[in-house]
Amino acid sequence: MTRREGWCRAAMAAMRRAAMAICLATLAWGGPAAARDDAPDEARDDVRHEQCSPNGRLCFVLTTVDEVATYWVTRDGRAVIAPSTLGFMLRGAGKWAHDMRLGEAARRAHSATWEQPWGERRLVAEDYREISVPIREQVRTRRELVMVARVFDAGVGFRFEFPAQEQLAEVMIDEELTEFVIAGEAGSASEAWWIPGGEWNRYEYLYRHTPAGEVGTAHTPITFRRKDDGLHIAIHEAALADYSAFWLQRIEGQRFRTRLAPSSAPWKVRGTAPFATPWRAILIAEDAPALYAASDLILNLNEPNRLGDVSWVRPHKYVGIWWAMHLDLWSWSDGPKHGATTAHALRYIDFAAEHGFGSVLVEGWNKGWWSESGRNFRFAEAYPDFDMDRVAAHAAARGVEIMGHHETAGNAGLYERQLDAALDYYRRHGVHAVKTGYVADAGMVLREDADGTEQWEWHDGQFMARHHVLVAREAAERRIAINAHEPIKDTGLRRTYPNLVTREGARGTEYNAWGEPPNPPDHEPTLLFTRMLSGPLDLTPGIVSLVGRNGRPIPNTLARQLADYVVIYSPLQMAADLPENYARHPDALAFIEQVPVDWEQTRVLAGEIGDYAVVARQRRGGQDWWIGGVTDERRREVRIDLSLLPAGVRYTAEIWRDGPGGGIDGDRFAMVRERYTVTSGDVLAITMEAGGGFGIALTPRPR
Ligand code: NOJ
Ligand code: CA
């Protein structure tokens, strides 16, 4: 028997009928990469552990193949993840992807419901079956790690734990070798939606839609859709707090492997055992709406709240001294065009107070704009034309807060050195939310060693993973929430640190001011099923003027700008346009004023990745439902079944939709605002024009 045939026999025994197709495909693509030249002793590969999900449909299997730890995932007996190998490159110890033997499995079932302090839904169901399997090296150093897998009905999470052991006290990881082989060849190959990892612009790319076999190196979440049965699969990670983010690198065909973001040290990750990797997560769903629902798995793989009472974290809508800078009407730095003047801030506070917005973001008030690598930023010193005491006092008098801003230009080291003073300053001024920023090319995050030597890091390496946790903790002590721009990707840490409220990490509305190209209409229908699987996004919608810098048209309709408030979840949601532009669009402003930002429950009613989406969310603690719809460059009619409403209750449906002759090739401002009385038996038919959308408020009528 050749070694490849031996591998197939082992896998077939394990996977029964489903394995045949994979083995044949494997022979075609060359077999597992880790196979060794000497023939395997099959007896050493005879341990196989299987764990299925609570409903039994999803199963995770761990075995060894040629003494290399190998896992796969099936759904209804069909492979979703084909046999995929595991391993590490350890500094000073070389490659650990051989001589592996599995120990006894420990199993555990967990079923609970927990309450989010804020979120897309109040109650989150957490049901999984867990299996822990020691993986021991047979020769040389006899190191041990434990693979822990949690199998949910909607996916799998697994991680590696390095127990305390003499031969591996200090864990220095040069690379993680976790593979994900997306099952399916020929007729069942997958499409993928992804952005590149390791490129200069962090996460701010338009999504690419390619065959899975044409992905390069991608950030996660990356979403796949299988051709023959439409199965949706997304790969991401959870609880990335003290490790490097992984990029998903395609090796060949549909075989992918983790590639950790680099660090300034020779190794990528360093930890002291006991030590665990973040969870590697695979979301699996029948269709796009179910994939979005499956993303609760990311939260479930995170630790519960460590901050205790977080009632001071207050979801709200905000305005800001912001868009005028992106339009180049005002500047962040001081001078004749300075945006953050006392006078401007007082005016924005009045506007916020009059329209019920909770805070005013002020960017560019502190000294140091814009210095190379942020070396001159002073986080607690105002420019002379900005009087923080006066601004804060006026805000307090009008019942509005200031949203603070800490742009670092990637100089996270300088920020850490000033962090206490910077956050104390805001606390003194009644600030409860701070937007941070790390504008620098990927790989250009600056920190200093103890001896003052400058080191360059990646936005998603271990240093920055730790940095974001440090900022969250320090901010929490001052009752401040964080909205990070140019962040590390979201991996659900908001469960553990509920003051990590929202972040960027995507191509936001700023690109509609100056980006080449502006965000196309398919951007949000793509984001919902990719980036949004990871958590909230500070997209900063609401540009009712529909033009960017120099009057360049934004390829959206007015109603579409409103729809984004419902479709793209963020507990801090900006009304990003200039006050004078809102004055020209009172109907749109009325929607933005009323739409909630915190939800009791969420349902994606319909959608296809990159095409369209219809999302319904019920106000937290309320009876009103809000529905948002977005479409790409195609005009579509959607039918909304109102059976989500309680039977026998009459509701007012207030609709903001694209008007006749609207759409990006017509009159983008054409919008109809209308009202009907509806019940749970009704179906609403709504047309979205090209690049358009709609928003609906469903409010119970007084009896
Ligand atoms: C980039 C952020 O995304 C944007 O919102 C901010 O205004 C600028 N950096 C300046 O900090
Ligand atoms: Ca940005």
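Side-chain atoms are counted along with the backbone in the values below, which use heavy atoms only and exclude waters and symmetry mates. When a ligand or atom number is given, it counts from 1 through the structure's own listing order. Predicted model, so just to flag it, every value in this text is computed and none were measured. For reference, positions follow the sequence shown, starting with 1.
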Pull out every atom of ligand 1 sitting under 4.0 Å from any heavy atom of [X], numbered as shown with elements.
X	value
Glu504	3 (O)
Lys435	4 (C), 5 (O), 6 (C), 7 (O)
His405	11 (O)
Trp332	7 (O), 10 (C)
Glu510	1 (C), 2 (C), 3 (O), 4 (C), 5 (O)
Val439	1 (C), 9 (N)
Trp322	4 (C), 5 (O), 6 (C), 7 (O)
Glu407	9 (N), 10 (C), 11 (O)

Practice task
Establish, from distance only, whether the side-chain atoms of Trp599 and Glu120 form a donor-acceptor pair under 3.5 Å.
Solution key: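 Per modelled atom types, Trp599 and Glu120 side chains form no pair under 3.5 Å.
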Exercise for the section: Determine whether the side chains of Asn411 and Ser373 contain a donor N or O and an acceptor N or O closer than 3.5 Å. Expected result: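 No donor-acceptor contact under 3.5 Å links the two side chains.
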Problem - Contacts of type side chain to side chain contact (heavy atoms under 4.5 Å, CB included), residue Asn499, not counting sequence neighbours - result: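 Asn499: side chain to side chain contact (heavy atoms under 4.5 Å, CB included) contacts with Leu307, Trp312, Val313, Ala472, Ala475, Ala476, Ala481, Tyr497.
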Handout entry: Presence of salt bridge, Arg619 and Asp598, under 4.0 angstrom
Key =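 No.
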Practice task
Apply side-chain hydrogen bond (donor to acceptor under 3.5 Å, both in side chains) to Arg549 and list each qualifying residue two or more places apart in sequence or on a separate chain.
Solution key: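 For Arg549 there are no side-chain hydrogen bond (donor to acceptor under 3.5 Å, both in side chains) partners, ignoring immediate neighbours.
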Practice task
Please tell me if the side chains of His338 and Trp330 come closer than 4.5 Å, counting only heavy atoms from C-beta onward.
Solution key: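 No - every pair of side-chain heavy atoms lies 4.5 Å or more apart.
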Problem - Minimum side-chain heavy-atom gap Asp611-Asp522 below 4.5 Å - result: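 No - every pair of side-chain heavy atoms lies 4.5 Å or more apart.
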Practice task
Sort out for me which residue in His467, Glu504, His485 forms a side-chain hydrogen bond (donor to acceptor under 3.5 Å, both in side chains) with Tyr438.
Solution key: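 The option that passes is His467.
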Handout entry: Single hit among Arg531, Glu237, Lys489 for side-chain hydrogen bond (donor to acceptor under 3.5 Å, both in side chains) with Thr220
Key =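 Of the listed residues Arg531, Glu237, Lys489, the side-chain hydrogen bond (donor to acceptor under 3.5 Å, both in side chains) partner of Thr220 is Lys489.
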Handout entry: Minimal non-hydrogen separation, Val501 against Pro536, with atom names
Key =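 Scanning both residues completely, I find the closest heavy atoms to be O-CG, 3.5 Å.
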Exercise for the section: Could you tell me whether Trp369 approaches ligand 1 through its side chain, its backbone, both or neither, with non-hydrogen atoms closer than 4.0 Å? Expected result: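 It is the side chain that gets close, since no backbone atom is under 4.0 Å.
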Practice task
Examine the proximity of ligand 1 to Met325 and report which part, side chain or backbone, both or neither, has a heavy atom under 4.0 Å away.
Solution key: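 For Met325, no heavy atom sits under 4.0 Å from ligand 1.
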Practice task
Output every pair passing ring pair (Phe, Tyr, Trp, His ring centres under 6.0 Å) with a member in residues 523-566, not counting sequence neighbours, ordered by first then second residue.
Solution key: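 Those involving residues 523-566 do not exist here.
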Handout entry: Expected output: side-chain Thr631 to main-chain Gly692 donor-acceptor under 3.5 Å
Key =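 Not at all, since once roles are kept as given, no pair shorter than 3.5 Å links the two residues.
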Exercise for the section: Examine Glu486 against ligand 1 and note whether any of their N/O atoms are separated by less than 3.5 Å. Expected result: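 For ligand 1, there is an N or O atom that lies under 3.5 Å from one belonging to Glu486.
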Handout entry: Protein N/O/S count near the Ca ion (ligand 2) (criterion: distance under 3.0 Å)
Key =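 Count of protein N, O, S atoms less than 3.0 Å from the Ca ion (ligand 2): 5.
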Practice task
Note the single closest protein heavy atom to atom 7 (O) of ligand 1, along with its residue, its atom name and the distance in Å.
Solution key: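 Going atom by atom, the protein heavy atom closest to atom 7 (O) of ligand 1 ends up being Glu363 OE1, 2.6 Å.
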